[in-house]
Amino acid sequence: MKVGSIVFMLIFVVLGVCNGGDLRKKFYEESCPEAEDIVKNITWKHVSTNSVLPAKFLRMHFHDCFVRGCDASVLLNSTANNTAEKDAIPNLSLAGFDVIDEIKTQLEKTCPGIVSCADIVALAARDSVSFQFNKSMWEVLTGRRDGRISLASQALNEIPSPFFNFTTLRQSFANKGLTLHDLVVLSGGHTIGVGHCNFFSNRLYNFTGRGDQDPSLNSTYAAFLKTKCTSLADNTTTVAMDPGSSLSFDSSYFKILKQNQGMFQSDAALLTDKGSSNIVNELVESQKFFTEFAQSMKSMGAIGVLTGTSGEIRKKCSKKIMRARNIAFVFLVSLLVCCVFRVCDAGNGRGRGRRPRVRVDELRMNFYKDSCSEAEDIVKKITWSRIANNSGLSAKLLRMHYHDCFVTGCDASVLLDTVDSASPAEKEAIPNRSLFGFDVIEDIKAEIEKVCPGVVSCADILSLSARDAVSFRSNKPKWEVHTGRKDGRISLASQVSGNLPSPFANFSGLMQVFTNKGLDEHDLVTLSAAHTVGVAHCGIFSKRLYNFSGNGDGDPSLNATYADFLRSKCPNPADPSITVEMDPRSSLSFDKSYFTTVLQNKGLFTSDAALLTDPIALNTLKRFQETNDFFSEFSNVMMRMGAMDVLTGNEGEIRKKCSIFLFFSNSTKMMRVRNTVFVFLISLLVLGVIRVCSAYGDGDGNVAGLRLNFYAERCPAAESIVKTIILSRVLTNPTLPAKLLRMHFHDCFVRGCDASVLLDAVNNVPAEKDSVPNSSLSGFDVIDDIKTAIEKKCPDVVSCADILALAARDAVSLVARDADMWEVPTGRRDGRVSLASEINANLPSPFSNFSTLLQLFIEKGLDLTDLVSLSGGHTLGVAHCATFSNRLYNFTGKGDADPSLDSKYAQDLRSQCPNPANAATTVYLDPGSSRSFDINYFKILLQQKGLLQSDAALLKDGNSFQLVERFLNSNDFFNAFAKSMVKMGAIDVLTGNAGEIRKKCRILSSSSYNSFPTQQKMMRVRHIVFVFFVSLLVLGVVRVCDAHGNGHGRGPEHGSGRGRGHGNVAGLKINFYTEHCPDAETIVKRIIRSRVPTNPTVPAKLLRMHFHDCFVRGCDASVLLDAVNNVPAEKDSIPNSSLSGFDVIDDIKTAIENKCPGVVSCADILSLAARDAVSFPSIKNMWEVPTGRRDGRVSLASEINANIPSPFSNFSTLLQLFINKGLDLTDLVSLSGGHTIDVAHCATFSNRLYNFTGKGDADPSLDSKYAQDLRSQCPNPANATTTVD
């Protein structure tokens, strides 16, 4: 057998290990009969001298099972590359690991390699609790195997928090396959053990963020707790969870719970739900509790277990096994293949930091016309035959297609079966467990394979089948399906929850998911209408019926009659098997009924009701209800959704069975040069591992293709030159450490750590440093000096990106009085693109709330610990008043201060920052310690003195709050900060041949070729071209440039001028066309003056059009462009649907082209026309218009909502939007004066008349007589066409 065949058969064996066998009684009866006695004897020995151990072991077992299943992953130690579960915040107080190790050692002596650590933990937990009873309290089935993965990040996400409310708790347990009953019963484990003050002190001192106490906590008990826990900052004191009974396993917990003496929020939460409260009452009786606890422990002990040949049997519970050489080789090759499939995926471009693409233009109609002409007929025939016998199938297939496209694109990944039980496939994720119709897709695939083997993808089959299923009743296609998709090779359950819109989501949550997919508000409403067919399980909406706010109440926004009907169908607690029609009386018909249902407040899900909370979405709902627009627009949106991140051409594969992926296609196997290809592929695989899979290091301080001492041979003096110059500069400018640290941060968060922040603007396209958030950066001269010194010593060797990373480290280390605060692996290359327009979407804002901050960090491959530790950089430096003055003067838009800000500190800040804020005034971020790198930031944060909203946000989340407290220990903070800086310094770095080495950090190299190392210059041209081209093809870098632009990619195509929002006139000048088209401005003025007398609304129309153009991608006339390839342009968005005057601009352009063809831009015509229209009838111009603009090439409706100020915006949102564009408060107020002309549609303000707070009330700040007059013009509901001056 050939080597290649052997290797890949071995790979298949490794990846295809099955999860054989179950747990059973006395699993070790033959292989290690003494096992359970050894566990019990050693456990009882230790418990007899340490009575707190039962609580410790029980908690350890619980924490283990809730993360990756009961696989002893909680026992594994961290490594240089990875922080393990035991080092996650919820696990820092775990204890008893030494006892587990002792038990394992004894078992290894008796039965080496037989008993798993996972079984030891399960048995030890049971035996320790049983000690006081001298008998086993529950049965432990055995046969578990040990897991190989342990990640702290998963512990934070999976372990139920003591700060959880009931809904979150219940969801957390449901995610593990546990019931409401299990939740209440297992909470009874709190009858033993202690809790740290910091897990509940917010209930005593700061429950709602206003220094108040949780009113649901028994006041006497609260007073007692305050004697134990004297402040929010106490993170060392512990208190018994079950006072007077914390060492005895009994039912006392439920008795004190009924007295409102549950210690944690999660305890008190059990009383907020009627069902759980009833269970609490039942469990007060001891024997009942013991019986139920035994059953729930068996259920918990079976969560996600590895059995049979899955996992391993460790020799030491804290370390994974190192396998024999041949197994290691197979595993390594498997891992290499996995890395390429999971990250490169033949160029699907889904790496970190990249947004999905809607690739409509890469698919086409009748793709299989020549290769498999019968394909679409086969799909329709089988789909329709199944629908005829099962009318509910239409909704099922439509939902499957939707769930497929929203997770890694429309690549049929939702159809794949799990390969390794440690990494479940998408179909195993909770939102996908109710998917149905997989057998239909498989039957279609089998039939097509008989006719055209290896031709038609499962992704296309699913897209076609969904369309045909919905079209069955009408007997004609509801939308076109362009084909040519390929099948993906990756399917991970872990990717589902963050990508699929949740039925529990509010409007902003929904919009975030859709925006992430390149879809907009219109797409959201349109696709939500798919709920016109199908059913939903009661558990998805029962919260709206029985416990909406956690107080046993219903959702007040749900139609009362409909709510009663739903309660009759779905009793409490919800039966997981009961379903209800999503669109009552019309659930089998694809029609407009959904819109009427939602507008009657009968939307079944929270996400349906959320559409009513946004005015634009509400308008779309009403339009679809009143017109027949829905069907054509649904068709367009389905085409766009069906093109999300599709794999085409050489990407992906064509599976033979839709549930199993291939490794190689037949065409690859048939290649004659297979030995060469094999070597080439293995080389690529290794490259993939070096470049992608080692993102968290290799144990030697190397990370993401970087390594320590990268310049040791080619420029050994480089790092010492950086250090020497930094030392001399910091001595004369002690503010420099903060400046360089901030510059490094701002560089890495935009395009990765590639020194793009250092580049100057090119061709008048503003660079990153020209953006508003970067306008206060300084220290560029220091980097330039270092670069100059290094270039003299080692020309063309050391990158500016590495210089910046080293300089930031060296500067901070000086004020931290530490030799090197963190290691800096080097080897970065410099980027070639720097765009101001990319800043706002990537840099965390000082106005961000917690969820926004965390999302941004996650998008960069960072986690919660990184967010909190890197925020600690605010111990250095200053902030401008404008970045926090809203907290002092107008926090909610009513002239009030932020109540979470310490009042004395706020008063002090007001004395430094009067209102309005002076753009030049700055305030220390860390008063009294702003030039010393220390832990003082965390101290003042806990005193409610965090300067920025983003600082205060860290106290709003339980886990981040705990990190803030943890970092009061300087060692913990410095260690965490060092790790986070290494991770941040590796974000999207360019290495190898990527990027360039600049000669000057501000300027791109004149030739990328000159930046290549000397030995590469010597390569023969055709060899370079061949290797480079093949690499591009395999890695999927070669992309088709679509007509509507890759607005979110990384590349020079962004140079179209997006985001020129600086209020300057760089590159523009008065009378720009004097030489080339001297009549241009006269032609504009003449045509405008002829139009305004016959249509006096033109000035307002053109002024608004100019405003809307400039706020999206800059003043580039993108608002004038028509849609291309069915991708909606800016003018097609809802805020722009009422724009008019395009014909005027077209007439002006035609006249000018006749006079001076190809000279005057549409952007300048629009700017001049707006000015001339507003100036009419005066001969004098109201303002000057410098000209010289060029027209942009990209126009996307999806970019509108995030950039154009909304008529519903509050003050802080308005000001932030204007600041993002380089405008200020004066600009905001003066430009609002443009409202002196034109009209507004009733829908843009009717909420102020009829439903301001969602309770049918009017806005109290609106003059009552004026409101009455407006109501007479705008009845409720608002007419979409009525306007008011």
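Values reported hereafter were calculated over all heavy atoms of this structure, with side chains retained and with hydrogens, waters and symmetry mates removed.
In this pair, Phe62 and Phe66 present their aromatic rings parallel. The plane angle is below 30°, not in the 30 to 60° band. Between Phe199 and Phe163, the ring-plane angle classifies as tilted under the 30° and 60° cut-offs.
The closest donor-acceptor contact from the side chain of Asp487 to the backbone of Arg655 lies under 3.5 Å. Side-chain atoms of Lys316 do not come within 3.5 Å of backbone N or O of Thr105 as any donor-acceptor pair. Lys427 places no side-chain N or O within 3.5 Å of a backbone atom of Val414 that could act as its donor or acceptor partner. Using modelled atom types, one side-chain atom of Ser130 and one backbone atom of Met137 make a donor-acceptor pair closer than 3.5 Å. Here the side chain of Ser78 pairs a donor or acceptor atom with the backbone of Ala84 at under 3.5 angstrom. No donor-acceptor pair closer than 3.5 Å links the side chain of Asn969 to the backbone N or O of Arg966.
Side-chain contact check for Asn77 and Lys319: no donor-acceptor pair (N or O, by modelled atom type) lies under 3.5 Å. Between Glu428 and Asn432, the side chains place no donor N or O within less than 3.5 Å of an acceptor N or O (distance only, hydrogens not considered). Using modelled atom types and a 3.5 Å distance limit, the side chains of Ser413 and Thr408 yield a donor-acceptor pair. Between the side chains of Arg68 and Ser150, no donor N or O sits under 3.5 Å from an acceptor N or O. Looking only at atom types and distance, the side chain of Asp182 has no donor-acceptor partner in the side chain of Ser299 under 3.5 Å away.
One finds the CZ atom of Phe173 at 10.0 Å from the CG atom of Leu180 (value rounded to the nearest 0.5 Å). Taking CG of Leu107 as the reference point, atom CD1 of Ile120 lies at 5.0 Å (rounded to 0.5 Å). Ser251 contributes atom OG, which lies 13.0 Å from atom CD of Glu292 (distance to the nearest 0.5 angstrom).
Every residue two or more places apart in sequence or in another chain was checked for a ring pair (Phe, Tyr, Trp, His ring centres under 6.0 Å) with Phe438, and none qualifies. Phe289 meets the ring pair (Phe, Tyr, Trp, His ring centres under 6.0 Å) test with Phe249, Phe254, Phe293; sequence neighbours excluded. Applying the salt bridge (Lys or Arg N to Asp or Glu O under 4.0 Å) criterion to Glu102, with sequence neighbours excluded, gives Lys45.
Using a cutoff of 4.0 Å between basic side-chain nitrogens and carboxylate oxygens, Glu312 and Arg145 are not scored as salt-bridged. Between Lys104 and Glu108 there is a salt bridge, since a side-chain N of the basic residue sits under 4.0 Å from a carboxylate O of the acidic one. Using a cut-off of 4.0 Å between Lys/Arg side-chain N and Asp/Glu carboxylate O, Lys298 and Glu139 are scored as salt-bridged.
Shortest non-hydrogen contact noted between Asp404 and Asp411 is OD2-N, 3.3 Å. In plain terms, the two heavy atoms of Trp138 and Arg126 that are nearest each other are O-NH1, 2.9 Å. Shown here for Pro90 and Ile159, the closest heavy-atom pair between the two residues is CB-CD1, 4.1 Å.
Atom NZ of Lys176 has more than 12 neighbouring heavy atoms from other residues, nucleotides or ligands inside a 6.0 Å radius.
Residues Val74 and Val67 fail the side-chain proximity criterion, which asks for heavy atoms closer than 4.5 Å. Residues Leu123 and Thr43 are not in side-chain contact: their nearest non-hydrogen atoms beyond the backbone lie 4.5 Å or more apart.
The aromatic ring centroids of Phe133 and Phe290 lie less than 6.0 Å from each other.
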Asp242 vs His190, test: side chain to side chain donor-acceptor pair (under 3.5 Å). Steps then yes/no. CA-CA 7 Å; Asp242 184 356; His190 288 177; over 6 Å; no
